[in-house]
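Structure first, commentary second.
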Amino acid sequence: MGATLAVPELRQLLADDELGTWALDHRTLEFLWECLGREQPSVIVEVGAGASTLVLARYAASRSVETGTPHIVFSLEQGHDVKEKVERRLEEQGLAEHVHVIHAPVSAQGTPEWGSELLREAFDARRADWVLIDGPAGPEGCRAWTLPLLREFCRPGAHWFLDDSFRDGELRILREWSRLPGVAVEGIYPFGKGLATGRVTP
């Protein structure tokens, strides 16, 4: 449960959340929180809304106050019901202004039923410093399209993460991504369900 998190801000935010089943596990969330504090991204894109969305929103809200400049999270969520649930939680925590939850439906095969124009309109010329991929849910390997589609909306050097990377499908995705121009695969952090990481390169 979120009540076991070592970081006070996250413990308060996610006290009643079950972590590690569908949501990111506690070690992964704590690690990402450390990385946020160190790297201080201004624009974050997330695929798959949930507990992680609240964590990213908490960071964006705190950083916006500290710097006096807006920090923003874009969360692409395939399920309309999940989108609404996350938006309600953001409102309850006073974090809604820092997150745009975008309904991004996928087919039964896990492929997007939308195109780059949706992102172009939502991002309004912003470029991501960070990308966190924990969706969509679907058949094995259905996340293969995520980073290739998102990379044109990233700054050179943008840091990306892919959860569930110990699964066979995600391992195949990482091999595929390693052959793509503009994507560097750096490895997998060996905790939780496996958190792969890399950079978007020029």
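Keep in mind it's a predicted model, so treat the numbers as computed, not measured.
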**Request:** State whether the side chain of Ser165 and the backbone N or O of Glu170 hold a donor-acceptor pair below 3.5 Å, judged by distance alone.
**Result:** no

**Minimum side-chain heavy-atom gap Gln40-Glu66 below 4.5 Å** = no

**Message:** Does the plane of the ring in Phe191 sit parallel, tilted or perpendicular to the ring in Tyr189? Use 30° and 60° as the thresholds.
**Reply:** parallel

**Message:** Could you work out, with side-chain hydrogen bond (donor to acceptor under 3.5 Å, both in side chains) as the rule, every residue matching Arg155, not counting sequence neighbours?
**Reply:** Asp129

**Message:** Are Trp145 and Trp114, when compared by the centres of their aromatic rings, separated by less than 6.0 Å?
**Reply:** yes

**Message:** I want to check something: taking the side chain as every heavy atom from C-beta on, are Leu119 and Leu76 in contact at a cut-off of under 4.5 Å?
**Reply:** yes

**Leu24 backbone acceptor or donor facing Thr28 side chain under 3.5 Å** = no

**Message:** So does Gln78 get a backbone contact from the side chain of His80, meaning a donor-acceptor N/O pair under 3.5 Å?
**Reply:** no

**Message:** Applying a strict under-4.5 Å side-chain criterion to I, L, V, M, F, W and Y, I'd like to know whether Leu180 and Ile188 cluster together.
**Reply:** yes

**Asked** When you measure from the side chain of Arg126 to the backbone N and O of Val43, does any donor-acceptor pair fall under 3.5 Å?
**Response** no

**Item:** Exercise: do Thr197 and His159 side chains pair donor with acceptor under 3.5 Å
**Value:** yes

**Message:** With a 4.5 Å cut-off on side-chain heavy atoms, are Pro136 and Thr146 touching?
**Reply:** yes

